[in-house]
Amino acid sequence: MDYIQGFDRGQLQMISFDQYVKSDSWVRIVDLFVTILPLKTLGFNDTPSSEGRPPYAPADLLKLYLYGYKNHLRSSRKLAQACHINMEVIWLVKGIKPSARKIAYFRKNNSKAFKQAFRYFVVLLKDMKLIDGETIAIDSFKIRAQNASKNNFNQKKIDRHIKYIDHKIAHYQNQLDIEDGNHPDDIQEKIAYQNTKKAHYKQLEEQLKQTKETQISLTDPDAKSVILHKNIINVGYCIQAGCDSKHKLFINNDTGSVNDTHALSPMALDAKKLLSLQSTNVLTDKGYTTGKHIAICTENNITTFSSSKAHSSQKNGLFDMQLFIYNKELDTYTCPAKRNIKNKWNSIQEK
């Protein structure tokens with residue numbers, strides 16, 4: 001029976017390696033983009049060591065990472081393997097074969113430069129008229145971090161651990177008094193072990209005070225305890241993302257907050273500054289509706305369109321804010337008792 005046959009592996013061929021990659025392949029865009037980046041200005045470390053083997057060029061490792069993001073090769077080990085078996089990757093990095101450790105350290109040591117490269121790309125898109133910044137939508141999504149819940153601490157959790165240890169130490173000391181010399185060494189070792197654990201938690205407590213953070217994660221220092229969905233809490237990130245309305249392209253992001261409540265004005269001001277805008281509109285859901293941050297946006301020529309949410313006055317016996325009707329001409333509010341109230345906020349601003 002006849003079959004479709006492949007080529008003879010032993011046959012010699014004269015061929016350019018460039019022919020292995022299609023002319024319209026996305027990998028060529030990555031190569032071109034990184035070539036035009038001002039890597040030193042963005043903060044990529046490319047200073048060779050005075051001793052030992054020369055390092056890999058930051059441009060080649062950055063190309064490798066960008067290709068990996070596009071093709072779902074997120075781990076350093078998979079990227080290192082791709083340098084051996086993937087023809088597009090071999091073409092892109094010109095045959096170099098960095099180890100997984102080298103690739104991982106490049107990402108770790110250049111984390112800020114990665115962010116600057118993304119922001120440079122956004123400005124480039126604006127220059128190409130693909131982003132106009134007229135309306136920016138802001139929303140968040142949550143992801144898990146490589147940090148177990150037991151390795152995440154806040155002051156309440158530390159206090160609970162210390163209280164439990166103090167209880168155990170008191171129990172052991174009581175045993176010493178009751179047993180009157182029976183197996184004192186074993187009990188003393190247990191007390192010493194508990195004191196060691198207590199010192200560890202005291203150290204974490206001191207670290208919280210020095211950093212002025214509300215949480216501390218031991219494996220991934222940047223991760224925080226966040227609500228993933230409903231009442232399920234895990235250690236991870238609440239990633240804020242801004243998206244331009246023209247072609248639905250992302251323009252900025254942040255991982256500083258654990259929820260949406262205090263993220264509106266920081267994200268809006270960052271987008272306005274990045275795109276060099278005089279004014280802009282911001283669209284959000286009700287999770288971002290906070291009077292303080294809406295006021296900050298208004299002061300900076302940012303018009304917010306945020307969904308309204310139930311006011312806390314429903315739980316404290318006061319009137320709901322939506323019951324107060326605003327009169328623009330008189331700059332007053334009409335309360336539920338049909339009386340007019342002067343807008344004090346504008347009066348304060350005028351002073």
Visitor: Take atom NE2 in His167; do more than 12 heavy atoms of anything else shown fall under 6.0 Å from it?
Guide: no
Visitor: For a side-chain contact (heavy atoms from CB on, under 4.5 Å) with Asp159, tell me which candidate from Lys156, Lys163, His161, Gln155 qualifies.
Guide: Gln155
Visitor: So do the side chains of Leu269 and Ile302 get within less than 4.5 Å of each other, counting heavy atoms only?
Guide: yes
Visitor: Is it true that, when you exclude His84 itself, more than 12 heavy atoms of the residues, nucleotides or ligands shown sit nearer than 6.0 Å to its NE2?
Guide: yes
Visitor: Is the number of heavy atoms from other residues, nucleotides or ligands within 6.0 Å of NZ (Lys142) greater than 12?
Guide: yes
Visitor: Among Val89, Val27, Val30, which residue meets the side-chain contact (heavy atoms from CB on, under 4.5 Å) test with Lys63?
Guide: Val30
Visitor: Do Phe121 and Leu130 sit in one hydrophobic cluster, given that two such residues count as connected whenever their side-chain heavy atoms are within less than 4.5 Å of each other, even indirectly?
Guide: yes
Visitor: Any side-chain heavy atom of Ser149 sitting closer than 4.5 Å to one from Asn234?
Guide: yes
Visitor: Going by heavy atoms in the side chains, are Asp139 and Phe141 under 4.5 Å from each other?
Guide: no
Visitor: Once rounded to the nearest 0.5 Å, what's the spacing between atom CG of Asn147 and atom OG1 of Thr219?
Guide: 4.0 Å
Visitor: Quick check: are there more than 12 heavy atoms from other residues, nucleotides or ligands sitting under 6.0 Å from CZ of Phe33?
Guide: yes
Visitor: CD1 of Ile29 to CG of Asp24: how many Å apart, nearest 0.5 Å?
Guide: 9.0 Å
Visitor: For the OH atom of Tyr288 and the CG atom of Asn259, what is their distance to the nearest 0.5 Å?
Guide: 9.5 Å
Visitor: If you count heavy atoms of other groups shown closer than 6.0 angstrom to NZ of Lys157, is the number above 12?
Guide: yes
Visitor: Give a yes or no on whether a salt bridge exists between Asp270 and Arg119, defined as a side-chain N under 4.0 angstrom from a carboxylate O.
Guide: yes
Visitor: Between Thr284 (side chain only) and Ile138 (backbone N and O only), is there a donor and an acceptor less than 3.5 Å apart?
Guide: no
Visitor: Within this structure, what is the NZ-CD1 distance for the pair Lys246 and Ile251, rounded to the nearest 0.5 Å?
Guide: 13.5 Å
Visitor: Checking side chain to side chain donor-acceptor pair (under 3.5 Å) between Gln240 and each of Asp260, Asp254, Asn253, which is the one that passes?
Guide: Asp260
Visitor: Any heavy-atom pair between the side chains of Tyr120 and Thr41 that's under 4.5 Å?
Guide: no
Visitor: Is any side-chain heavy atom of Phe114 closer than 4.5 Å to a side-chain heavy atom of Leu62?
Guide: yes
Visitor: I'd like to check Val122 versus Phe250 (side-chain heavy atoms, cut-off strictly below 4.5 Å). Are they in contact?
Guide: no
Visitor: Taking the basic N atoms (NZ, or NE/NH1/NH2) and the acidic carboxylate oxygens, is any pair closer than 4.0 Å for Asp166 and Lys198?
Guide: yes
Visitor: Say you draw a straight line from NZ of Lys292 to NE2 of His262; how long is it, rounded to the nearest 0.5 Å?
Guide: 7.0 Å
Visitor: Contact between Arg28 and Trp91 at the side-chain level, heavy atoms closer than 4.5 Å - yes or no?
Guide: yes
Visitor: Are the side chains of Tyr56 and Phe106 in contact, using a 4.5 Å heavy-atom criterion?
Guide: no
Visitor: Decide whether Ile239 and Val282 are clustered together by the hydrophobic rule: side chain heavy atoms of Ile, Leu, Val, Met, Phe, Trp, Tyr closer than 4.5 Å, transitively.
Guide: no
Visitor: Would a single hydrophobic cluster contain both Leu64 and Phe118, if residues Ile, Leu, Val, Met, Phe, Trp and Tyr are joined by side-chain heavy-atom contacts under 4.5 Å?
Guide: yes
Visitor: Walk me through whether Gln194 and Tyr172 qualify under side-chain hydrogen bond (donor to acceptor under 3.5 Å, both in side chains).
Guide: CA-CA 10 Å; Gln194 294 297 331; Tyr172 291 141; 4.6 Å; no
Visitor: Taking atom NZ of Lys273 as the centre, report whether more than 12 heavy atoms of other residues, nucleotides or ligands fall under 6.0 Å from it.
Guide: no
Visitor: Do Phe17 and Tyr20 make the cut of ring centroids closer than 6.0 angstrom?
Guide: yes
Visitor: Quick check on Phe7: does its CZ atom have over 12 non-hydrogen neighbours (other residues, nucleotides or ligands) under 6.0 Å away?
Guide: no
Visitor: Atom CZ of residue position Arg107 - does it have more than 12 heavy atoms of other residues, nucleotides or ligands inside 6.0 Å?
Guide: yes
Visitor: Would you find a donor on one side and an acceptor on the other, under 3.5 Å apart, between the side chain of Thr332 and the backbone of Asn340?
Guide: no
Visitor: Which of these, Leu277, Leu274, Asp244, Asp132, sits in a side-chain contact (heavy atoms from CB on, under 4.5 Å) with Lys126?
Guide: Leu277
